[in-house]
Amino acid sequence: MAKYGKTAGRKVARAMRKRKSGTLRSGRSGRRVSSRTQAIAIGVSEARREGGKVPRERGGRKRTSRKK
């Protein structure tokens, strides 16, 4: 069974094309995106917003304070 649906694939492909042409911009800051990983994240995020088939978001890395 596929993890990602067609919507997600299309959105990621669109984001990658925009990144390559230099017109992909990040959300709040509006900075130009040059990172491949960030372009994929933007595409997946857009697909998720549209209700496409995308696996749930995983929590970020948990940082624990070490005792000395």
Side-chain angles (χ1 to χ4, degrees):
M1 182 115 204
K3 275 189 177 179
Y4 294 86
K6 283 182 186 174
T7 309
R10 282 193 213 111
K11 290 286 179 187
V12 170
R14 184 195 134 280
M16 293 301 265
R17 276 194 301 275
K18 285 190 88 164
R19 178 192 70 97
K20 190 138 187 168
S21 66
T23 58
L24 183 64
R25 302 213 167 250
S26 70
R28 270 174 108 175
S29 64
R31 288 195 180 131
R32 195 169 69 234
V33 172
S34 58
S35 162
R36 191 170 181 271
T37 313
Q38 198 173 357
I40 292 168
I42 289 169
V44 168
S45 171
E46 287 174 1
R48 189 175 275 125
R49 218 174 301 136
E50 274 193 17
K53 186 184 173 207
V54 181
R56 67 177 180 79
E57 280 185 279
R58 292 244 170 88
R61 193 178 101 203
K62 298 253 193 279
R63 293 181 186 213
T64 56
S65 59
R66 290 192 210 158
K67 291 183 181 178
K68 290 184 180 179

Give the table of side-chain donor-acceptor pairs shorter than 3.5 Å for residues 15-22, with sequence neighbours excluded, one pair per line with atom names and distance.
{"residue": "Arg19", "atom": "NH1", "partner": "Ser34", "partner atom": "O", "Å": "3.2"}
{"residue": "Ser21", "atom": "OG", "partner": "Arg17", "partner atom": "O", "Å": "3.4"}
{"residue": "Ser21", "atom": "OG", "partner": "Lys18", "partner atom": "O", "Å": "3.1"}
{"residue": "Ser21", "atom": "OG", "partner": "Thr23", "partner atom": "OG1", "Å": "3.2"}

Distance-only donor-acceptor pairs under 3.5 Å for side chains of residues 38-49, two or more places apart:
{"residue": "Ser45", "atom": "OG", "partner": "Arg49", "partner atom": "NH2", "Å": "3.4"}
{"residue": "Glu46", "atom": "OE1", "partner": "Arg14", "partner atom": "NH1", "Å": "3.1"}
{"residue": "Arg48", "atom": "NH2", "partner": "Pro55", "partner atom": "O", "Å": "2.6"}

Identify whether Val54 and Val12 are in the same connected component of the hydrophobic contact network (ILVMFWY, side-chain heavy atoms under 4.5 Å).
yes
Intermediate values then yes/no, side chain to side chain contact (heavy atoms under 4.5 Å, CB included), Glu50 and Lys11:
CA-CA 10 Å; Glu50 274 193 17; Lys11 290 286 179 187; 2.9 Å; yes
Arg32: side chain to side chain contact (heavy atoms under 4.5 Å, CB included) partners, not counting sequence neighbours:
Arg25
